[in-house]
*Asks:* 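Pasting a structure here, questions to come.
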There are 2 protein chains.
Amino acid sequence: MKKTKLGEFEELVLLTVAALQHDAYGVEIKRELETRLNERLSVGSIQSALKRMEEKGFLTSAFGEATLKRGGKRKRIYYTTSHALKVLEEMRAIRADLWKSIPLIVSELKMI
Amino acid sequence: MKKTKLGEFEELVLLTVAALQHDAYGVEIKRELETRLNERLSVGSIQSALKRMEEKGFLTSAFGEATLKRGGKRKRIYYTTSHALKVLEEMRAIRADLWKSIPLIVSELKMI
DNA sequence: ATTTTATTCCTGATTGCAGTAGAAATAAAT
DNA sequence: ATTTATTTCTACTGCAATCAGGAATAAAAT
């Protein structure tokens, strides 16, 4: 695997950004992923993944407007680039093909 | 994400081991993954991923018999543990759910 | 029979991802 | 004005990912 590719965690964060659309900012991404992984995450780990991916051209970001809730610091909203979506789709296809190649007996065992 | 989980590359290697069944040894895994990723890999990177995953309980290994071809050094054959298959399936489910949550307009863009 | 070539495994060193801890900024509530 | 809630951001550590090269084994070529 060449550099400029995605790490495991980065890929999950990227998918979450795509899923959240205009609500994709640090803390919300944290909440969403914690629910999906059923596991606690630190905001910092997500922030640094977001920063890395922005530098690599997988994400862009812009500040949104201030909230009306307490602690109304401006949210930095992240958006996936078309390049990111292309890479995500490539990864999905590669994994899907691998799963197809796994003998049936084995791939049914895991259902237990 | 907690430790003892899989990295991006490790997961691909693990899936390849599952797919190759009794032919899952270093050099063959390299060939198979190079074809699937359409990208050159070093054997060493695969060997160290295999070693790490064996230590973490995702794989077991045993030496096979010598080949009849040139360079008949004994192959170390790797097998996935049931724990590995369980974790692989968990990861698959998490990604599948995320993809389902990505708005349709976006998830069709990537088809281009 | 010894040298070359092919197949495989293994190790040491480097780069960069993953994750933690905590500070800083902003503003509503009290 | 102090507390509390929401958010971003940075510095640091550990380990995953990768590379470069060496070692073991044996068939083939000479």
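A, B, ... follow the sequence lines: proteins, then strands. Residue 1 opens every chain. This is a predicted model, so every value here is computed, not measured.
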*Asks:* Is there any salt bridge (Lys or Arg N to Asp or Glu O under 4.0 Å) pair reaching into residues 10-19 of chain B, and which pairs are they, with sequence neighbours excluded?
*Replies:*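 Of all non-adjacent pairs touching residues 10-19 of chain B, those that pass salt bridge (Lys or Arg N to Asp or Glu O under 4.0 Å) are A:R95-B:E11, B:E10-B:R52, B:E10-B:K56, B:E11-B:R95.
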*Asks:* Bend angle of the helix from C:dA1-D:dT30 to C:dT30-D:dA1 from five-pair axes at both ends, rounded to 10°?
*Replies:*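 Rounded to the nearest 10 degrees, the bend comes out at 0°.
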*Asks:* Pairs in or reaching into residues 23-46 of chain A: which pass ring pair (Phe, Tyr, Trp, His ring centres under 6.0 Å), with residues at least two apart or in two chains?
*Replies:*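 Non-adjacent pairs meeting ring pair (Phe, Tyr, Trp, His ring centres under 6.0 Å): zero.
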*Asks:* Would you say C:dT7 has OP1 or OP2 under 4.0 Å from some side-chain N or O of B:R31?
*Replies:*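 For B:R31, the contact criterion (side-chain N or O under 4.0 Å from OP1 or OP2 of C:dT7) is not met.
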*Asks:* Go through D:dA16, C:dG19, D:dT7 for me and flag the one nearest to the B:E10 side chain.
*Replies:*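 Ranking D:dA16, C:dG19, D:dT7 by closest atom to the B:E10 side chain puts D:dA16 first.
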*Asks:* Please identify each residue that fulfils salt bridge (charged side-chain N to carboxylate O under 4.0 Å, His left out) with B:D23, with sequence neighbours left out.
*Replies:*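 Residues passing salt bridge (charged side-chain N to carboxylate O under 4.0 Å, His left out) with B:D23: none at all.
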*Asks:* Does B:Y79 have any ring pair (Phe, Tyr, Trp, His ring centres under 6.0 Å) partners at least two apart in sequence or in another chain, and if so, which?
*Replies:*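 B:H22.
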*Asks:* I'd like to check the salt bridge (charged side-chain N to carboxylate O under 4.0 Å, His left out) partners of A:K75; sequence neighbours left out, ordered by chain and number.
*Replies:*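 Testing A:K75 for salt bridge (charged side-chain N to carboxylate O under 4.0 Å, His left out), a comparison that skips the adjacent residues, returns none.
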*Asks:* Does a nitrogen or oxygen in the side chain of A:Y25 sit under 4.0 Å from OP1 or OP2 of D:dT7?
*Replies:*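 Result: yes.
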*Asks:* Output yes when at least one side-chain N/O atom of A:K75 is less than 4.0 Å from OP1 or OP2 of C:dT26, else no.
*Replies:*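 Result: no.
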*Asks:* May I ask you to decide whether B:K30 forms a salt bridge with B:E34, counting only side-chain N to carboxylate O separations under 4.0 Å?
*Replies:*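 Counted as a salt bridge, because a side-chain N and a carboxylate O are separated by less than 4.0 Å.
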*Asks:* For A:L6 and D:dA16, what is the distance between atoms CG and P respectively, to the nearest whole Å?
*Replies:*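 Checked: the CG to P distance equals 19 Å.
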*Asks:* CZ of A:R74 versus P of C:dA27: gap in Å, rounded?
*Replies:*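 Atom CZ in A:R74 sits about 9 Å away from atom P in C:dA27.
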*Asks:* If I take atom CG in residue A:L41 and atom P in nucleotide C:dC17, what distance separates them, rounded to the nearest angstrom?
*Replies:*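 Going from A:L41 (CG) to C:dC17 (P), I get 19 Å.
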*Asks:* Is there a donor N/O on one and an acceptor N/O on the other, under 3.5 Å, for the side chain of A:R52 and the base of C:dA18?
*Replies:*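 Under the 3.5 Å cut-off, the side chain and the base do form a donor-acceptor pair.
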*Asks:* Rounded to whole Å, how long is the line connecting atom CG of A:L50 with atom P of D:dC9?
*Replies:*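 Between P of D:dC9 and CG of A:L50: 10 Å.
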*Asks:* Holding to side-chain contact (heavy atoms from CB on, under 4.5 Å), I want the full list of residues that pass it with B:S42, two or more places apart in sequence or in another chain.
*Replies:*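 Result, side-chain contact (heavy atoms from CB on, under 4.5 Å) vs B:S42: B:S45.
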*Asks:* Taking atom C1' of D:dA17 as reference, at what distance in whole Å does atom NZ of A:K5 sit?
*Replies:*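 So the two atoms are 13 Å apart, to the nearest Å.
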*Asks:* Quick check on C:dT20: is either OP1 or OP2 less than 4.0 Å from any side-chain nitrogen or oxygen of A:S42?
*Replies:*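 Indeed, a polar side-chain atom of A:S42 lies that close.
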*Asks:* Rounded to whole Å, how long is the line connecting atom CD of B:E28 with atom P of C:dA6?
*Replies:*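 B:E28 atom CD is separated from C:dA6 atom P by 18 Å.
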*Asks:* In chain order, what residues pass the salt bridge (charged side-chain N to carboxylate O under 4.0 Å, His left out) check against B:E28, with sequence neighbours excluded?
*Replies:*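 Salt bridge (charged side-chain N to carboxylate O under 4.0 Å, His left out) check on B:E28 returns B:R31.
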*Asks:* So which protein nitrogen or oxygen atoms get under 3.5 Å of nucleotides 10-12 of chain C's nitrogens or oxygens?
*Replies:*
| residue | atom | partner | partner atom | Å |
| --- | --- | --- | --- | --- |
| C:dC10 | OP1 | B:R76 | NE | 3.4 |
| C:dC10 | OP1 | B:R76 | NH2 | 3.2 |
| C:dC10 | OP2 | B:R76 | NE | 3.4 |

*Asks:* For the pair B:T16 (side chain) and B:I29 (backbone), establish whether a donor and an acceptor sit closer than 3.5 Å, ignoring hydrogens and angles.
*Replies:*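 Here the side-chain-to-backbone pair does not exist.
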*Asks:* When the distance from CD of A:E11 to P of C:dG19 is rounded to whole Å, what number comes out?
*Replies:*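 Whole-Å distance recorded here is 14 Å.
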*Asks:* Would you kindly give the CD-to-C1' distance between B:E55 and D:dG14, to the nearest whole Å?
*Replies:*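 Going from B:E55 (CD) to D:dG14 (C1'), I get 15 Å.
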